[in-house]
Amino acid sequence: MVEAIDPYEALSRIFEGRSALLLEDDGALADHVSGKLQRAGFHAVDRATTGEEALSMAASRAYDVLILDRITPGMDGLTTLGAIRGGSGPCRETPALFLTALGGERQKVEGLMAGADDYVAKPVGDEELLARVAAQLRRARIQSGEGARGELANGPFRLSTGARTLTFHPGGAQARTLDLSPLEFAIVAELFGARGQPVTKSMLWDRCWVEWKFLPDNYVNIIDARISALRRRLKDQCPELSEALHPLIVSARSQSLVFRILDAAA
């Protein structure tokens, strides 16, 4: 298996100067999560232990991300997020992630319907949590203007989210659209948009294998088989690229994947 450089070292670029609101009444877990975020680059992590406290804090300050437990004293996390989304405060559109022990399918749907952008069941690895927070910050940045036209560039590749196409622009030759299945395009789009930052395999499953309503025990094997085939497919359709640049999709630690940054190869 090809190993990439550690992409988690690059998270500080997207986390630098950011602030988070953490709703968690378990002091030890709150210490752990806030410590990981700050060591990864966050400037501030403000902590609330009740839904009422979190709601008051979200009404008085703009945060870059909300991380909420569902089971909290007083107002629960689901109600808290609904109140934030339904209000007029500075966090109304802030990316929100539930971090909760309630991990059932119905409970996940409830969280997303209440306005969450992601839903993570406890326990979760530190790197998985950091990767999911980074994904929300990236999406917020794109929605605010960067990449709003729906086209992303990476070296000789151009990905159009609107047309759902990936085109290859080899130097001195005519550009061509690569032949990808809908699932293959969805995988490439997720990795491409991450700009060299890690996308965990469970994140990839959530966003690309949408017809599955549960996480099977062998989901990693299913993803690995698809990625192996996709690597070969990309290599076959891009023979102009140096052998050293293949595979274009590389493995990172902790079950993550990265699409190589190829800006210097354009």
Side-chain angles (χ1 to χ4, degrees), residues 1-15 29 32-33 35-37 39-42 65 67 95 97-105 108 111-112 116-139 154 159 180-235 245-262:
M1 178 179 292
V2 179
E3 290 295 323
I5 61 172
D6 183 356
Y8 290 92
E9 296 178 358
L11 288 179
S12 60
R13 293 196 297 270
I14 195 170
F15 290 160
L29 181 57
H32 181 83
V33 173
K36 285 293 181 181
L37 290 173
R39 282 193 291 275
F42 267 75
V65 67
I67 303 174
L97 178 151
F98 273 119
L99 177 60
T100 176
L102 301 177
E105 181 67 23
K108 181 177 181 179
L112 297 174
D117 300 282
D118 200 358
Y119 196 101
V120 183
K122 301 174 184 175
V124 60
D126 295 333
E127 292 168 356
E128 173 86 10
L129 179 60
L130 292 177
R132 287 182 178 268
V133 171
Q136 294 310 315
L137 294 174
R138 284 195 302 267
R139 289 172 185 269
N154 181 359
L159 184 141
L180 300 175
S181 72
L183 176 58
E184 289 170 337
F185 179 83
I187 293 170
V188 170
E190 285 294 332
L191 299 175
F192 207 87
R195 292 296 297 166
Q197 292 169 355
V199 176
T200 66
K201 291 179 182 178
S202 61
M203 291 166 62
L204 205 62
W205 182 272
D206 287 347
R207 293 167 185 169
C208 300
W209 276 263
V210 294
E211 72 279 6
W212 289 71
K213 303 304 180 185
F214 65 98
L215 187 68
D217 292 339
N218 66 335
Y219 83 95
V220 170
N221 294 334
I222 295 173
I223 292 176
D224 286 345
R226 177 63 67 170
I227 292 297
S228 179
L230 179 54
R231 284 169 171 159
R232 293 192 300 270
R233 194 168 178 82
L234 291 171
K235 183 176 181 180
L245 296 178
H246 289 288
L248 291 170
I249 299 172
V250 293
S251 300
R253 64 189 176 101
S254 190
Q255 297 295 323
S256 298
L257 295 165
V258 176
F259 196 103
R260 289 185 187 274
I261 295 297
L262 300 172

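One is the number of the first residue; the rest follow in order along the sequence.
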Enquirer: Return the orientation label for the F15 and F42 ring planes: parallel under 30°, perpendicular over 60°, tilted otherwise.
Expert: tilted
Enquirer: Residues in side-chain contact (heavy atoms from CB on, under 4.5 Å) with R39, at least two apart?
Expert: K36
Enquirer: Using side-chain contact (heavy atoms from CB on, under 4.5 Å), reason through L230 and F185 one step at a time and then give a plain yes or no.
Expert: CA-CA 10 Å; L230 179 54; F185 179 83; over 6 Å; no
Enquirer: In this structure, are over 12 heavy atoms from other groups packed under 6.0 Å from N218 atom CG?
Expert: yes
Enquirer: Which one of L262, L191, V188, V258 satisfies the side-chain contact (heavy atoms from CB on, under 4.5 Å) criterion with L248?
Expert: L262
Enquirer: Dump the intermediate steps for side-chain hydrogen bond (donor to acceptor under 3.5 Å, both in side chains) on S256 and E127, then the final yes or no.
Expert: CA-CA 9 Å; S256 298; E127 292 168 356; 6.0 Å; no
Enquirer: Taking all non-hydrogen atoms of both residues into account, name the closest pair between R233 and L180 and its distance.
Expert: NE-CA, 4.1 Å
Enquirer: Is there side-chain contact between L183 and W209, with heavy atoms separated by less than 4.5 Å?
Expert: yes
Enquirer: Would you compute the distance between atom CG of D118 and atom CD1 of I67 and round it to the nearest 0.5 angstrom?
Expert: 10.5 Å
Enquirer: How long is the straight-line distance from CD1 of I261 back to CD of Q197, given to the nearest 0.5 Å?
Expert: 8.5 Å
Enquirer: To the nearest 0.5 Å, tell me how far L204 CG sits from E190 CD.
Expert: 6.5 Å
Enquirer: Might you work through the side-chain contact (heavy atoms from CB on, under 4.5 Å) test for L29 and K122, ending with a clear yes or no?
Expert: CA-CA 11 Å; L29 181 57; K122 301 174 184 175; 3.5 Å; yes
Enquirer: Hey, could you give me the CG/CG distance between L159 and N154, rounded to the nearest 0.5 Å?
Expert: 9.5 Å
Enquirer: Does L129 form a side-chain contact (heavy atoms from CB on, under 4.5 Å) with H32? I'd like the steps, not just the answer.
Expert: CA-CA 12 Å; L129 179 60; H32 181 83; over 6 Å; no
Enquirer: So, taking the atom named CZ in R207 and the one named OG in S202, what distance separates them when rounded to the nearest 0.5 Å?
Expert: 9.0 Å
Enquirer: Please tabulate, one pair per line, all N/O donor-acceptor pairs under 3.5 Å involving side-chain atoms of residues 97-105, not counting sequence neighbours.
Expert:
unit_1	atom_1	unit_2	atom_2	d
T100	OG1	L102	N	3.1

Enquirer: Do I222 and W205 touch side chain to side chain, with heavy atoms closer than 4.5 Å?
Expert: yes
Enquirer: Is there a donor-acceptor pair closer than 3.5 Å between any side-chain N or O of R226 and the backbone N or O of E184?
Expert: no
Enquirer: Can you check whether S251 reaches L257 side chain to side chain, under 4.5 Å on heavy atoms?
Expert: yes
Enquirer: State the CG-CD1 distance between L137 and I14, to the nearest 0.5 angstrom.
Expert: 5.0 Å
Enquirer: Examine distances only and state if a side-chain atom of R260 and a backbone atom of P247 form a donor-acceptor pair shorter than 3.5 Å.
Expert: yes
